[in-house]
Asker: 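Just passing along the structure, written as structure tokens.
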Amino acid sequence: MLEIKNLSAAYGQHPSLNDVAIKVGTGEIVVILGANGAGKSTLLRAISGICEGKVTGDITLNGDSLNGLSPDAIVKKGVALVPEGRGIFGDLTVKENLLLGAYSARARESERENLERVLEQFPKLRERQKQIARTMSGGEQQMVAIGRAMMSAPEILMLDEPSLGLSPLLCKELFHNLTEVKDLGIGVLLVEQNAKQSLAIADRGYLLENTRITHENSAVKLANDPAVQKAYLGAGSKVSTQKVSTSNGEGLKPAAPPPVINTVPIPRRSAEDHIGGSIDDLVAVAAKTSAKSVAKPAANTTAAAKRLANTKIEVVLKDIEAAALAARKRRPASVSPSRARVATGSTPAPTHPEGPPPVIEVYKRPRVEVYRRRPSGQFERD
Ligand code: ATP
């Protein structure tokens, strides 16, 4: 069993862990949930001996202290880490990556059996042993990273956000793989943002909030805790706790919940909101462009493609014009301030809440009157 007591860590003056206490038994999956910056990665790095900050507290594996040991000594003792971002060697083959995981003397003794066990667990890695690691998909690279950690024959396997960047299908596969790791009797300490899926496979969980452990419970109880649901699962979302038998025959396992669909009403928008301007302006532009386009005979353009494009544009412009005209008819006249109105001397101007409408002078066609001059010198209308 991995046991952590009074673990604190700080980067300079900045505390990242305060008095943390957790336990991970062999053959159990323990998940650490927490917001960004809560200290989750720092916890795993402190246990692995690779934390850049100052670490104090007690870390023991089966009663043996791991305090102050070098990272490789901690791996030799039986605690392996799959870091965030996987940390595989991209230019090496899958097999070379796996073999690097067995660098410790203890692991080297049983390198062949360990490799066989890993390849059995991840059949895809057996098929791809000679493939250059960086050419594999994200999910496959994650398998390489887990497989490499497994090559050290760990008692405790720690994973920092292994589902990051994986598709839902690959996540499902990854979490299934972790239940198989657990079935081998290995303790799994999992830091995850994917609370729903990690709680669904975990036995127990802790909430790490603002550098401190604030909650500890069985995964089933955490999944059903309203506070956890609100903070990590999304309000109204639940992890189903129906009975599902696992490969090692252990009891209650939460199953994947049905999706929750929230419908949000779409706000009503006016035609002018959609076109982003005044309908009158749009009608004017559309009519002008359409007229121009129609005026140009197709013969002016030599290429058939150009003619076809012009025809299509005309059709679209006509459609726009028709739609805009129809929208204008449906809309009350006072909506568009840019709409000009004719001032008739006799009709009183209508009142408008947005101010008086603009006035356009209407010029009448000049009447030509012809007069004839009489011999008397007087003019008379012809
Ligand atoms: P995330 O989910 O975003 O990865 P986290 O819970 O894993 O967050 P940590 O990476 O452990 O959080 O970081 C905890 C705090 O410690 C953060 O405020 C972070 O800025 C700080 N921190 C982490 N590593 C260092 C470092 N090497 N030097 C200085 N500060 C650090």
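Just so it is clear, the model here is predicted, and its values are computed rather than measured. Position 1 is the first residue of the sequence; numbering continues from there. As the structure lists them, so they are numbered: ligands from 1, and atoms in each ligand from 1.
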Asker: Looking at atom 3 (O) of ligand 1, what's its closest protein heavy atom, distance included?
Answerer: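 Result for atom 3 (O) of ligand 1: N36 ND2, 2.9 Å.
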
Asker: Say whether E3 and N62, considering side chains only, have a donor N or O and an acceptor N or O under 3.5 Å apart.
Answerer: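 E3 vs N62: no donor-acceptor pair found between side chains.
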
Asker: Hey, are the side chains of L2 and T60 touching, using non-hydrogen atoms and a 4.5 Å cut-off?
Answerer: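 The answer is no, as the side chains (C-beta and beyond) never meet within the 4.5 Å cut-off.
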
Asker: Using a 4.0 Å cut-off to any heavy atom of Q193, which atoms of ligand 1 qualify?
Answerer: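 Listed by number with element, the hits are 2 (O).
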
Asker: Yes or no: does A35 have any heavy atom under 4.0 Å from an atom of ligand 1?
Answerer: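 In this structure, A35 qualifies as a contact of ligand 1 - some heavy atom is under 4.0 Å.
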
Asker: Taking K23 first and then E28, would you say they form a salt bridge - that is, a charged N and a carboxylate O separated by under 4.0 Å?
Answerer: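 The answer is no: the pair does not qualify as a salt bridge.
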
Asker: Short check: is a protein heavy atom less than 4.0 Å from atom 20 (O) of ligand 1?
Answerer: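 Not a single protein heavy atom is under 4.0 Å away.
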
Asker: Do you know which of T179, N177, V188 makes side-chain contact (heavy atoms from CB on, under 4.5 Å) with I201?
Answerer: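 When T179, N177, V188 are each tested with I201, the side-chain contact (heavy atoms from CB on, under 4.5 Å) holds only for T179.
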
Asker: Is there a donor in the side chain of Q141 and an acceptor in the side chain of S137, or the other way round, less than 3.5 Å apart?
Answerer: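 No, because no side-chain N or O of Q141 sits under 3.5 Å from a partner of the opposite role on S137.
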
Asker: Can you pull out the closest protein heavy atom to atom 2 (O) of ligand 1? Residue, atom name and distance to 0.1 Å, please.
Answerer: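 Result: K40 NZ, 2.8 Å.
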
Asker: I need the atoms of ligand 1 closer than 4.0 Å to a non-hydrogen atom of G39, numbered in the order shown.
Answerer: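 So the atoms of ligand 1 that pass are 5 (P), 6 (O), 11 (O), 12 (O), 14 (C).
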
Asker: Do the charged groups of D19 and K5 touch, with an N to O distance under 4.0 Å?
Answerer: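 A salt bridge is absent here (no side-chain N lies under 4.0 Å from a carboxylate O).
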
Asker: Starting from atom 28 (N) of ligand 1, which protein heavy atom do you reach first, and at what distance in Å?
Answerer: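 Checked against all protein heavy atoms, atom 28 (N) of ligand 1 sits closest to Y11 CD2, 3.4 Å.
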
Asker: Would you mind telling me if ligand 1 is within reach of the side chain of R45, the backbone, both or neither, using heavy atoms under 4.0 Å?
Answerer: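 It is neither part, as no heavy atom is under 4.0 Å.
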
Asker: May I ask you to list the atoms of ligand 1 that are less than 4.0 angstrom from any heavy atom of T42?
Answerer: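 So the answer, numbered in order with elements, is 9 (P), 11 (O), 13 (O), 14 (C).
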
Asker: Would you mind listing which atoms of ligand 1 come within a distance below 4.0 Å of any non-hydrogen atom of E52?
Answerer: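 Listed by number with element, the hits are 27 (N).
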
Asker: Check E52 with R45, please: is the shortest side-chain N to carboxylate O separation under 4.0 Å?
Answerer: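 So R45 pairs with E52 through a salt bridge.
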
Asker: In ligand 1, which numbered atoms sit nearer than 4.0 Å to a non-hydrogen atom of S16?
Answerer: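 The list of qualifying atoms is 14 (C), 15 (C), 16 (O), 21 (C).
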
Asker: Among protein heavy atoms, which lies nearest atom 18 (O) of ligand 1, and at what distance?
Answerer: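 Nearest protein contact, heavy atoms only, for atom 18 (O) of ligand 1 is H14 NE2, 3.1 Å.
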
Asker: Where's the contact between S41 and ligand 1, heavy-atom distance under 4.0 Å: side chain, backbone, both or neither?
Answerer: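 The part of S41 near ligand 1 is both the backbone and the side chain.
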
Asker: Under 4.0 Å from any heavy atom of G37, which atoms of ligand 1 are there?
Answerer: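 That gives atoms 1 (P), 3 (O), 5 (P), 6 (O), 8 (O), 12 (O), 14 (C), 15 (C) of ligand 1.
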
Asker: Under a plain distance cut-off of 3.5 Å, with no hydrogens placed, do N114 and E111 share a side-chain donor-acceptor pair?
Answerer: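 There is no such pair (donor and acceptor under 3.5 Å, judged by atom type) between the side chains of E111 and N114.
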
Asker: Test your reading of the model: is there a side-chain donor-acceptor pair from D160 to the backbone of S41, 3.5 Å cut-off?
Answerer: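 Such a contact is absent between D160 side chain and S41 backbone.
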
Asker: Within a distance under 4.0 Å of any heavy atom of E161, pick out the atoms of ligand 1 and give their elements.
Answerer: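 Those atoms are 2 (O).
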
Asker: Would you say the side-chain atoms of E192 and S163 include a donor-acceptor pair closer than 3.5 Å?
Answerer: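 Distance-only check passes for E192 and S163.
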
